[in-house]
Structures are given as C-alpha cells and as structure tokens.
Amino acid sequence: MSTHDLYTTPPSEPLWQVPATGAARFSWDYDDGRERLLALYQKGKDKQWDGNKRIDWSLEVDPTDPLGTPDEALTLYGTPHWAKMTEKDRGELRKHYTSWQFSQFLHGEQGAMVCAARIVESVPDLDAKFYSATQTMDEARHAEIYGRFLHEKIGMLYPVNDNLQGLLGDTLRDSRWDMPYLGMQVLIEGLALAAFGMIRDTTTKPLPKQILAYVMQDEARHVAFGRMALRDYYKQLSDAELREREEFVIEGCYLMRDRLSGVEVLENFGIGKQEAKDLSEHSEFLQLFRKLLFSRIVPCVKDIGLWGPRLQKAYVDMGVLELGDSNLDLLMSQDEEIAEELDRERFAAEEEARVAEVAEAIEEGTAEGLREGLAEGLAEGREAAA
C-alpha cells in the first residue's frame, strides 16, 4: 500500500519545493580541523548502525494501544467527549495520536536530513562538512525507521503540521550558512529530543522504546555538533547580528510550542477547530508537555550565546526561563547510556536464549544416544542368548 493511501488527509502537493538560497562553499584547506569536532566526527562514524538489524521488527504492536502510555495524556481524557466514547473509539483515538506524533517525527527527520545536507554544502569549514555528512546518513536512517513503523505497525500517517513546515521553510530559505544549524540542530532537534524522551520513558511497549532510544543516541551527537559550531561562530558576530538570530529563535519557539497541540487529531473525531484548540490549551498534560519540551532548547540557546533581554523575556512569557540552567551534557550522556543499556539487556537475553537452546539440543542428543545405546545392547543380548 502506498503512503498516499495511508494519510488521514493527503498532502495538497506530493512534492514540496523550497527554493535554494545562499552559496555552496568549498574549502581547500585539508589540514586537521578542530580537535573536538573531529572527535565527534570519529564518533559519528563509529556509531553508525543498521535499522533493519539493530531493531527487532518482529515485535508485535497493537494499533489500538501502540505505546501503552496512560490515557491521561490524551487531550480528551476526562472530558464529556471521552465519557461518550466506546472502548473501540478510545482505541482508535490512541492510534490516531500515535500516528500524528510519529508522523511529525518522520517529517522532522526528513527535514533534518535535508538541513544536514545543506550544511555540508554551505558551511565553510571542512571539519564541519565531515561531521554533517555523517549526520545526513543518521537522519536518513531515522526517517527510514519512523516510516517503517508507521507503515507496518500503525497503518496510518498524518501530513506535516503547518507550523513544523513553516519553520523548516524559514530555515531552508535563509541564505546565512548558520541558520540550518540554528533552526534544525537547536530548535527542531532540541524539541524532538525532549518529545522522544518523554515517550521513551513512559512507553511500556518494547518496539517504540527501541526506536526512540536508538534515535536519541544519534540526536545527542547532533545537538552537540550544533552547539560546538554555533558557539564558536556567534562569538564573532555583532550585537545586531545576534539580535537577528534571537528573533529567529523566539519566532521558532512559539511555532514549535503551538505545533504540539494535536488539533488535527481532534478534528478527525468530529470536534470543531476552535473547541479543539481550547481543549488543547487547557489540557494539564499538554501544558506540562509543552514546558518540558523546551528542556533541551533553552540551555542550548543560552550555551551558544543567544541570551539577550528580549529572548529571556520571551522565555519568561513561556514559563521556561529557569530551564536555561539545565545540565545539557548530563541529559545527552543519559540518552547514550539508556540506548547502550537497552542493547546490553537485549543481547544478554538473546545470548541466554541461545545458550538454553544449545543445552536443550545437547540434552536431547545425549538422551537419544543413550536410547540408541540401550537398544543396541538389548539386541546384542538377545543374539547372544539365542
């Protein structure tokens, strides 16, 4: 079945074209680059993996409860709409929400792949081009994995959210080479990491947990790359140039905050757009969710040197200013450790199963040998007696 057939609402155009701006830059300086960035590039090469092999796609997923997360996270929970729904309706709602969330992850990963390729093209430093090339492959793998999960396990897709598409467009249309870093590595990837983490830490289903943990292990490196490159570059900019970047961050943060209301899902269940917006706005879970989503963005923005009064005021208005003191390095190291621990647990269980299988085979072989030996001994005994 084609992707077109799985969309709840087909995209208006099957191909979205964003006019390219800015210059492609070549560097003829092949000397060693920045030590930290080259170390990250080496790590990017070492940590490549195959989504077909590392993820256990044989795991079953119940489309009516794909994540196993509490129903309290659903916007309609506790409302008169929820009280009227049958269990079948509620299962369909869970399916739609999962489809909507993972569809936005999928579209965002394709955007990240295009932005990483744009960075390879436009960034002036060769060490940054090297790392961006590894990231482009990472993002292709992520898009492949999310697409497969939606096609094979959920059977439904949602089109790209307007706000996400708007931020992607703004990022790609800007001719300044640092903007794909800022729009993608800091804003979109930072928000995605927080969203992935919330689901990873609450899902009771092994397949989505594997997908999210392994993707987050890659994304931790990507955000580190953006921080390194932009922190160095923004030290050189004037106050006016920094204010321009801060305005972009402010607008992007409002777009990303509003992106996560899930109004499209509620509309598919017969709820008008305005009521859907009101329900989303007053959902206690979504209010907490929106705040936690900035746990990766705010400290990163502060770290790269964008921390002017207007930006801080915007974060005060959003109620997220205090997140600027979060330990981003600790969060990233935890992401890597969770993925590695998941591998250890999986491989230990698989090794234990293999050992048990071998032991069983040996035991069966030994028992069969004893039976054959006993039968031969009895036959020889009968011949001797005769």
Which residues share a side chain to side chain donor-acceptor pair (under 3.5 Å) with [X], sequence neighbours left out:
{"X": "Glu267", "value": "none"}
{"X": "Gln287", "value": "none"}
{"X": "Ser238", "value": "Glu241"}
{"X": "Asp317", "value": "Lys313"}

So, does [X] use its side chain to make a donor-acceptor pair with the main chain of [Y] at under 3.5 Å?
{"X": "Trp57", "Y": "Gly51", "value": "yes"}
{"X": "Gln210", "Y": "Asp56", "value": "yes"}
{"X": "Thr8", "Y": "Tyr158", "value": "no"}
{"X": "Arg346", "Y": "Arg54", "value": "yes"}
{"X": "Gln185", "Y": "Pro180", "value": "no"}

Run the ring-centre check on His81 versus Phe269 and record whether the distance is less than 6.0 Å.
no
So, do Tyr146 and Phe196 have ring centers that fall under 6.0 Å from each other?
yes
In one Ile/Leu/Val/Met/Phe/Trp/Tyr side-chain cluster, 4.5 Å: [X], [Y]:
{"X": "Met137", "Y": "Leu40", "result": "no"}
{"X": "Ile211", "Y": "Ile338", "result": "no"}
{"X": "Ile304", "Y": "Leu330", "result": "no"}
{"X": "Leu187", "Y": "Leu292", "result": "yes"}

Minimum-distance pair of heavy atoms, taken over all atoms of [X] and [Y]:
{"X": "Pro66", "Y": "Pro208", "value": "O-CG, 3.8 Å"}
{"X": "Arg296", "Y": "Gly190", "value": "CB-O, 3.3 Å"}
{"X": "Lys302", "Y": "Gly324", "value": "CD-O, 3.5 Å"}
{"X": "Thr203", "Y": "Leu67", "value": "OG1-O, 2.6 Å"}
{"X": "Gly319", "Y": "Lys291", "value": "O-CE, 3.1 Å"}
{"X": "Ala112", "Y": "Glu189", "value": "CB-OE2, 3.7 Å"}

For [X], all residues meeting ring-ring contact (aromatic ring centres under 6.0 Å, His included), sequence neighbours excluded:
{"X": "Tyr77", "result": "Trp82"}
{"X": "Phe130", "result": "Tyr41"}
{"X": "Tyr214", "result": "Trp49"}

Which pairs with one or both residues in [range] pass salt bridge (charged side-chain N to carboxylate O under 4.0 Å, His left out), sequence neighbours excluded?
{"range": "residues 151-161", "value": "Arg148-Glu152"}
{"range": "residues 133-145", "value": "Asp138-Arg141, Asp138-Arg221, Arg141-Asp218"}
{"range": "residues 94-110", "value": "Asp71-Arg94, Glu87-Arg94"}

Return yes if a side-chain donor-acceptor contact under 3.5 Å exists between [X] and [Y], otherwise no.
{"X": "Ser103", "Y": "Tyr7", "result": "no"}
{"X": "His107", "Y": "Gln110", "result": "no"}
{"X": "Asp278", "Y": "Gln274", "result": "yes"}
{"X": "Asn161", "Y": "Glu264", "result": "yes"}

Is there a side-chain contact between [X] and [Y] (heavy atoms, below 4.5 Å)?
{"X": "Thr75", "Y": "Tyr97", "result": "yes"}
{"X": "Asp303", "Y": "Leu328", "result": "no"}
{"X": "Asp232", "Y": "Arg36", "result": "yes"}
{"X": "Ile250", "Y": "Leu311", "result": "yes"}
{"X": "His151", "Y": "Leu157", "result": "yes"}
{"X": "Asp329", "Y": "Arg227", "result": "yes"}
{"X": "Val263", "Y": "Ser280", "result": "yes"}
{"X": "Leu168", "Y": "Met184", "result": "yes"}

Hey, what do you get for [atom1] ([X]) to [atom2] ([Y]), rounding to the nearest 0.5 Å?
{"X": "Leu59", "Y": "Leu207", "atom1": "CG", "atom2": "CG", "result": "5.5 Å"}
{"X": "Ser99", "Y": "His96", "atom1": "OG", "atom2": "NE2", "result": "7.5 Å"}
{"X": "Thr69", "Y": "Met198", "atom1": "OG1", "atom2": "CE", "result": "10.5 Å"}

Leu93 vs Leu74, test: side chain to side chain contact (heavy atoms under 4.5 Å, CB included). Steps then yes/no.
CA-CA 8 Å; Leu93 182 65; Leu74 302 175; 4.1 Å; yes
In terms of relative ring orientation, are Trp28 and Phe26 parallel, tilted or perpendicular, with 30° and 60° separating the classes?
parallel
Over 60° means perpendicular and under 30° means parallel, so tell me whether Phe225 and Tyr181 are parallel, tilted or perpendicular.
tilted
For atom CD of Glu345, decide whether the heavy atoms of other residues, nucleotides or ligands shown that lie under 6.0 angstrom number more than 12.
yes
List the atom pairs, donor and acceptor, that lie under 3.5 Å between side-chain atoms in residues 113-127 and the rest of the protein, sequence neighbours left out.
| from | atom 1 | to | atom 2 | distance (Å) |
| --- | --- | --- | --- | --- |
| Arg118 | NH1 | Leu172 | O | 2.9 |
| Ser122 | OG | Arg118 | O | 2.9 |
| Asp125 | OD2 | Arg34 | NH2 | 3.4 |
| Asp127 | OD1 | Arg34 | NH2 | 3.0 |
| Asp127 | OD2 | Arg34 | N | 2.8 |
| Asp127 | OD2 | Arg34 | NE | 3.0 |

Mind checking side-chain contact (heavy atoms from CB on, under 4.5 Å) for Phe285 and listing every partner two or more places apart, or none if nothing turns up?
Ala73, Ser283, Phe289
List the steps and the verdict of side chain to side chain contact (heavy atoms under 4.5 Å, CB included) for Glu244 and Met179.
CA-CA 11 Å; Glu244 289 176 353; Met179 298 312 283; over 6 Å; no
Hey, mind stepping through Asp335 and Met332 against side chain to side chain contact (heavy atoms under 4.5 Å, CB included) and telling me if it holds?
CA-CA 5 Å; Asp335 292 337; Met332 300 302 180; 4.1 Å; yes
For Tyr315 and Val301: C-alpha separation, side-chain torsions, deciding distance, then whether side chain to side chain contact (heavy atoms under 4.5 Å, CB included) applies.
CA-CA 11 Å; Tyr315 283 152; Val301 168; 3.7 Å; yes
Ion pair check, Asp174 and Arg176, cut-off under 4.0 Å
yes
